[in-house]
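Below: one structure, written as structure tokens.
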Amino acid sequence: MSLHQATRTPADINLSGWYGILPPPKAHEVLRGRHEADWVIVGGGYAGLAAARRLSQLVPEDRIVVIDAQRIGWGAAGRNSGFMIDLPHELGGENYGGSHGHDRKRIRMNRAAIEFSSSAADEYGLHRFFIRAGKFHGAATDHGLAILREFENHLTGLAEPFEQLDAQQLKKITGTDFFIGGTFTPGTVMAQPAGFICGLAEGLSSRIRIFENSPVTSVQTGKLHIVKTAEGEISAPRLILTVNGHLESFGFFKKRLLHVFTYASMTRPLAKSEQATLGGELHWGLIPADPMGSTIRRIGDRIVVRNTFTYNSDMSTSEKQIKRIGAAHDRSFRARFPMLGEMPMEFRWGGHLCLSLNSAPAFGEVDERVFVAGCCNGLGTVQGTLYGMLTADLAVGSDEPMVAEALQEQTPARLYPEPLMSIGAPLKLWAMQRRAGREL
């Protein structure tokens, strides 16, 4: 039993299970005093570390610094479901798809990001956190099956492979007869999101400098950008902001970013007898037929359930909110795994998603030598990686053709005025989750 596990009763609230099951982190460096660099990156998640790694390839002699407000892996990068999805995945739609032209471009770019991450896994020995397993979609209702048939038709039009599964095939994989049918697509990577991002940071630490637990208090732009924290500052001619929804906190994309939280719970380790009762495979990931349903992952002797979206415009959640939604997780878990009884959850947490009304990213040069990558629209692992690495290419002036493609995309649309957003966004989420029905 790890030191983390020894003290938990009965569930750690808002400690991501992905982070909590890792060994205790190594000592870290807090930004203190004055420093100079060639590049300063604010935000040490998937986008920030992708930008740092790409810069280390493009300008290996430059001094590159990453600053994060928390420990690497503690925040949003370590709070998602860990699916690095290559295919279209529009959370606001009914079947994940968009137009064929847009989706073909998205697939190609997502796969480039996955290959970039794969090369990092090779370089730093992270394949235990980065598994090319594909993903399952599971339907619990006829409504869900109809959505999956639409999704499969869309994949056929895109010439993308998939496998249609019946109830017995899904039970053999998951151990539960909850699902009446499903679809398997092979291109998704199943990541341990906190493990991968922490390992990436450790691997990069020989080439870049990383300051943790160092919230930025102010940024002064100019010939030299000056980034200040409570105890120190860094000056650099080039600044990259990879803080996702907190781009608003730095004065960019005001009233254009939609701040949504989703929530997850992770079981305690299943006993050998419980694993035998459950059956099924030891490692799999399943997303719901309806985008508002429950995502389920099994990672050996643990199971993770993720569902429920809330609109939190202040970019924070509360222990009370997490506990309330945890009760919904317990109901969803019992519906799928009644053979496991009242299974205790060891971790419950919320994670921040940044969306835009038109599913557009925040990407580009927003001020002289100030570059941004954010608003990943629910795909932080893969699109954070994509726009992080492309931001480095853009800032250096490389000839990477995907930079031009990214710059041609729309920018985040302006949100509706208040009080329409505060009233309408929660109502929209409620209606979409109600539509999901038993899929939730």
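Separation of atoms CG (L200) and CD (E123) is listed at 9.0 Å; rounding is to 0.5 Å. Atom CD of E29 sits about 8.5 Å away from atom OG of S214, to the nearest 0.5 Å. Rounded to the nearest 0.5 angstrom, F179 CZ and L148 CG are separated by 10.5 Å. We find the OG-CZ distance between S332 and R306 to be 10.5 Å, quoted to the nearest 0.5 Å. Separation of atoms CD1 (I114) and OG1 (T381) is listed at 8.0 Å; rounding is to 0.5 Å. Separation of atoms CD (E152) and NE2 (H154) is listed at 12.5 Å; rounding is to 0.5 Å.
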R106 vs E405, salt bridge (charged side-chain N to carboxylate O under 4.0 Å, His left out): CA-CA, chis, key distance, verdict: CA-CA 10 Å; R106 177 56 55 205; E405 292 183 281; over 6 Å; no

Stepwise side chain to side chain contact (heavy atoms under 4.5 Å, CB included) test for E346 and M266: CA-CA 6 Å; E346 190 167 1; M266 179 185 284; 5.8 Å; no

Evaluation steps, side chain to side chain donor-acceptor pair (under 3.5 Å), between K228 and T217: CA-CA 6 Å; K228 294 186 177 183; T217 56; over 6 Å; no

Audit row: F261, L353, side chain to side chain contact (heavy atoms under 4.5 Å, CB included) steps and yes/no: CA-CA 6 Å; F261 274 70; L353 305 180; over 6 Å; no

Stepwise salt bridge (charged side-chain N to carboxylate O under 4.0 Å, His left out) test for E281 and R297: CA-CA 11 Å; E281 297 179 2; R297 275 193 68 176; over 6 Å; no

Side chain to side chain donor-acceptor pair (under 3.5 Å) evaluation trace for H283 with R298: CA-CA 5 Å; H283 297 274; R298 182 172 177 185; over 6 Å; no

Test log, rule salt bridge (charged side-chain N to carboxylate O under 4.0 Å, His left out), inputs E248 and K255: CA-CA 8 Å; E248 281 198 290; K255 305 298 183 182; over 6 Å; no

T183 vs L165, side chain to side chain contact (heavy atoms under 4.5 Å, CB included): CA-CA, chis, key distance, verdict: CA-CA 6 Å; T183 307; L165 305 171; over 6 Å; no

Audit row: Y263, Q321, side chain to side chain donor-acceptor pair (under 3.5 Å) steps and yes/no: CA-CA 10 Å; Y263 303 83; Q321 192 173 38; 3.1 Å; yes

V372 and F363: CA distance, side-chain angles, deciding distance, side chain to side chain contact (heavy atoms under 4.5 Å, CB included) verdict: CA-CA 5 Å; V372 300; F363 173 76; 5.6 Å; no

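Side chain of T262 to backbone of T308: a donor-acceptor contact under 3.5 angstrom is found. Counting only distance, with no hydrogens or angles, the side chain of D290 and the backbone of M292 share a donor-acceptor pair below 3.5 Å. Using a distance-only test at 3.5 Å, with no hydrogens or angles considered, a donor-acceptor pair links the side chain of S356 to the main chain of A360. For the pair R369 (side chain) and K223 (backbone), a donor-acceptor distance under 3.5 Å is present. Listed for the Q275 side chain is a donor-acceptor partner under 3.5 Å among the backbone atoms of L270. With S265 contributing its side chain and R348 its backbone, the two residues share no donor-acceptor pair below 3.5 Å. At distances below 3.5 Å, at least one donor-acceptor pair connects side-chain atoms of N377 with backbone N or O atoms of C375. Remark: side-chain polar atoms of R71 are not paired, donor with acceptor, to backbone N or O of D68 under 3.5 angstrom. The backbone N or O of G350 lies less than 3.5 Å from a partner atom in the side chain of R79, making a donor-acceptor pair. Put simply, the side chain of E233 never gets that close to the backbone of G33: no donor and acceptor are under 3.5 Å apart.
Annotation: E368, atom CD; neighbour count of heavy atoms from other residues, nucleotides and ligands within 6.0 Å does not exceed 12. Around CD of E400, the count of heavy atoms belonging to other residues, nucleotides or ligands within 6.0 Å exceeds 12. No more than 12 heavy atoms of other residues, nucleotides or ligands lie within 6.0 Å of CZ in R34, so this atom counts as exposed by the packing criterion.
Relative to the six-membered ring of F116, R53 meets both conditions, a distance below 6.0 Å and an angle of at most 45° to the axis.
At a threshold of 4.5 Å between non-hydrogen side-chain atoms, the residues W284 and I296 count as touching. The shortest distance between side-chain heavy atoms of Q383 and M109 does not fall below 4.5 Å. Counting heavy atoms from C-beta on, the side chains of I41 and V65 never come closer than 4.5 Å. The closest side-chain heavy-atom distance from I240 to V40 is not below 4.5 Å.
Under 3.5 Å, the side chains of S118 and R132 contain a donor-acceptor pair of N or O atoms. With 3.5 Å as the limit, one finds a donor-acceptor pair spanning the side chains of H127 and D122.
In this structure P426 satisfies the side chain to side chain contact (heavy atoms under 4.5 Å, CB included) test together with Y311, sequence neighbours excluded. Looking at residues two or more places apart in sequence or on another chain, you find a side chain to side chain donor-acceptor pair (under 3.5 Å) between E231 and R32. Considering only residues two or more places apart in sequence or on other chains, E439 meets the side chain to side chain donor-acceptor pair (under 3.5 Å) condition with T141. Contacts of K323 classified as side chain to side chain contact (heavy atoms under 4.5 Å, CB included), with partners at least two apart in sequence or in another chain: I13, E319. Qualifying side chain to side chain contact (heavy atoms under 4.5 Å, CB included) partners for L427, counting only residues two or more places apart in sequence or in other chains: I423. Judged as a side chain to side chain contact (heavy atoms under 4.5 Å, CB included), and not counting sequence neighbours, the contacts of E36 are R63, S235.
The minimum heavy-atom distance linking L15 with W349 is given by the pair O-CE3, 3.8 Å. Considering every non-hydrogen atom in both H352 and A76, the closest pair reads O-CB, 4.1 Å. E212 approaches Q70 most closely through the heavy-atom pair CB-O, 3.5 Å. What you find for V30 and N213 is that their closest heavy atoms are CG1-O, 4.0 Å. Contact record, L126 with A120: CD1-O, 4.3 Å, taken as the closest heavy-atom pair. Of all heavy-atom pairs spanning L390 and A406, the tightest one is CD1-CB, 4.0 Å.
Using a cutoff of 4.0 Å between basic side-chain nitrogens and carboxylate oxygens, E160 and R108 are not scored as salt-bridged.
Aromatic rings of H35 and F211 (six-membered ring for Trp) have centroids within the 6.0 Å cut-off, being under it.
The ring pair (Phe, Tyr, Trp, His ring centres under 6.0 Å) test with F196 is passed by exactly one of W18, Y124, Y19, F130: F130.
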